[in-house]
2 protein chains.
Amino acid sequence: MLTNSRLVHQPHDHGRCINAALSRANNLCTEKGVRLTPTRESVLRLLWQSHQPLGAYQVQDQLSKLTGKSIAPPTIYRAIEFLSDLGLVHRLASLNAYIGCPFPNSEHSNLFMICNSCGSAAEVAHTALNDVLQNASEKAQFKLESQSIELFGLCPQCSQDTTQATEHKAHG
Amino acid sequence: MLTNSRLVHQPHDHGRCINAALSRANNLCTEKGVRLTPTRESVLRLLWQSHQPLGAYQVQDQLSKLTGKSIAPPTIYRAIEFLSDLGLVHRLASLNAYIGCPFPNSEHSNLFMICNSCGSAAEVAHTALNDVLQNASEKAQFKLESQSIELFGLCPQCSQDTTQATEHKAHG
DNA sequence: TTTTATATGTTATATTATAACATAACATAA
DNA sequence: TTATGTTATGTTATAATATAACATATAAAA
Ligand SMILES: [Zn+2]
Ligand SMILES: [Zn+2]
Ligand SMILES: [Zn+2]
Ligand SMILES: [Zn+2]
């Protein structure tokens, strides 16, 4: 089970996450012979500013402020599409939001654990799960092509906070 | 693995699907002491007119034609919310669309197999899958509360059609 | 340099969903 | 049966998300 869950939910040097993501993006673009333009890189960087997914219009606002120019929605959606086609970002359908992929070159489950409290989203690749889904599909004679799995709940940090708050209440 | 996959993908007496759904809805509403008003019943019936999910505005169009009156979006969304709260319909996040639930009283996986070709969506409840997701969540110290699983691919019928078309082409 | 392909800018609009407040229908009790 | 509270719907306006269509600019190739 490959996941960035620990990084997402624990204090860490997030600058390293960002640098790694940009480095991977540069490599991948070079490899594929496509261009990581300033706009595209900025959008990727914005999506990596935290481990919480961002809506397209949030990205637009921030990019507009960043550049001082007003940027229209199509520019953002194009950059997101470009990055998404390369597997560098994912769309979270339930949230209409986008997030950077921590392992664009690995096998994917397109599985996210999304915290209802803090909004963070950890990505998980889970071979056994993929097998279960593939088997279920075959049983139903369904030719599986892609999948979107979104789990909602409480991340370790928020879960702990809730527990402590409850205990505090009980004692107070 | 509980599923309505066969009904969805094979010719069948769909009137029975509709009647069963409305009957379940009536029972559930009586049981819960809430009212299945004409609007709500119509929306449920429209969502059950086929095994393909419908957008809210498609429902609006059809209900407007059906009644001869113009119905505004809030009426549709309210009916959908009512039905959804009772577990009688589900939202497919990837499609911004809604579909009737074939087994509102059973355990759920919130798993759908959605055909990229014909748009049909079969619902599946899969205990083993739920266990895998629960285990993965525990491993990540994630307190799982709800889930949305959407599989995309080709349904048995469309898969067969594709195969035949390919064969035909090869022979032609 | 000319040509071609790619990327971005710009305007307008489509699509999906909800806020806020008014009215109507229903249920219950005086 | 009227009054009263509750639930449901009507109505208007608008928020939020996403794309179409066409113009311009930039980069790469010939
Ligand atoms: Zn980080
Ligand atoms: Zn990923
Ligand atoms: Zn049917
Ligand atoms: Zn269901």
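The figures here come from the full heavy-atom set of this structure, side chains too, leaving out hydrogens, waters and symmetry mates. Every chain is numbered from 1, with letters handed out A, B, ... down the list of sequences.
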* **Leu54(B) CG - dT16(C) C1' separation (whole Å)** => 15 Å
* **Separation of atom CZ in Arg78(B) from atom P in dT18(C), rounded to whole Å** => 12 Å
* Residue pairs passing the ring pair (Phe, Tyr, Trp, His ring centres under 6.0 Å) test where at least one lies in residues 81-110 of chain A, sequence neighbours excluded -> His90(A)-His108(A), His90(A)-Phe112(A), Phe103(A)-His108(A)
* Return each pair, listed once, that meets ring pair (Phe, Tyr, Trp, His ring centres under 6.0 Å) where at least one residue sits in residues 135-165 of chain A; pairs must be two or more places apart or across chains. => none
State whether a side-chain donor-acceptor pair under 3.5 Å links [X] with [Y].
{"X": "Asn105(B)", "Y": "Arg24(B)", "value": "no"}
{"X": "Ser109(A)", "Y": "Asn130(A)", "value": "yes"}
{"X": "Gln62(B)", "Y": "Gln58(B)", "value": "no"}
{"X": "Gln141(A)", "Y": "Gln160(B)", "value": "no"}
{"X": "Asn26(A)", "Y": "Glu41(A)", "value": "no"}
{"X": "Glu150(A)", "Y": "Ser94(A)", "value": "yes"}

* Asked: Does His9(A) have its ring centroid less than 6.0 Å away from the ring centroid of His51(A)?
  -> no
* Asked: Using a cut-off of less than 4.0 Å, is there contact between a side-chain N or O of Tyr77(B) and OP1 or OP2 of dA17(C)?
  -> yes
* To do: Within residues 66-76 of chain B, find the residues that approach DNA chain C with a heavy atom at under 4.0 Å, and present them sorted by residue number.
  => Pro73(B), Pro74(B)
* Mind listing the residues from residues 22-52 of chain B sitting with a heavy atom below 4.0 Å of DNA chain C? Number order is fine. => Arg35(B)
Using only atom types and a distance under 3.5 Å, with no angle test, would you say the side chain of [X] pairs donor to acceptor with the backbone of [Y]?
{"X": "Thr75(A)", "Y": "Ile71(A)", "result": "no"}
{"X": "Asn4(B)", "Y": "Pro102(B)", "result": "no"}
{"X": "Glu123(B)", "Y": "Leu111(B)", "result": "no"}

* Asked: Where does the chain B footprint on DNA chain D start and end, counting 5' to 3' with a 4.0 Å heavy-atom cut-off?
  -> dA8(D) to dT12(D)
* Got Arg40(B) and Val43(B) here, is their nearest side-chain heavy-atom distance under 4.5 Å? -> no
* For DNA chain C, whose closest nucleotide is more 5', that of Ala79(A) or that of Gln58(B)? -> Ala79(A)
* Structure fact -> Per nearest nucleotide of DNA chain D, the residue lying toward the 5' end, Tyr57(A) or Phe82(B), is Phe82(B)
* Asked: Where does DNA chain C pair, written as one dot-bracket string 5' to 3', with Watson-Crick or G-U pairs under 3.5 Å, ( ) inside the strand, [ ] for crossing pairs and | for another strand?
  -> ||||||||||||||||||||||||||||||
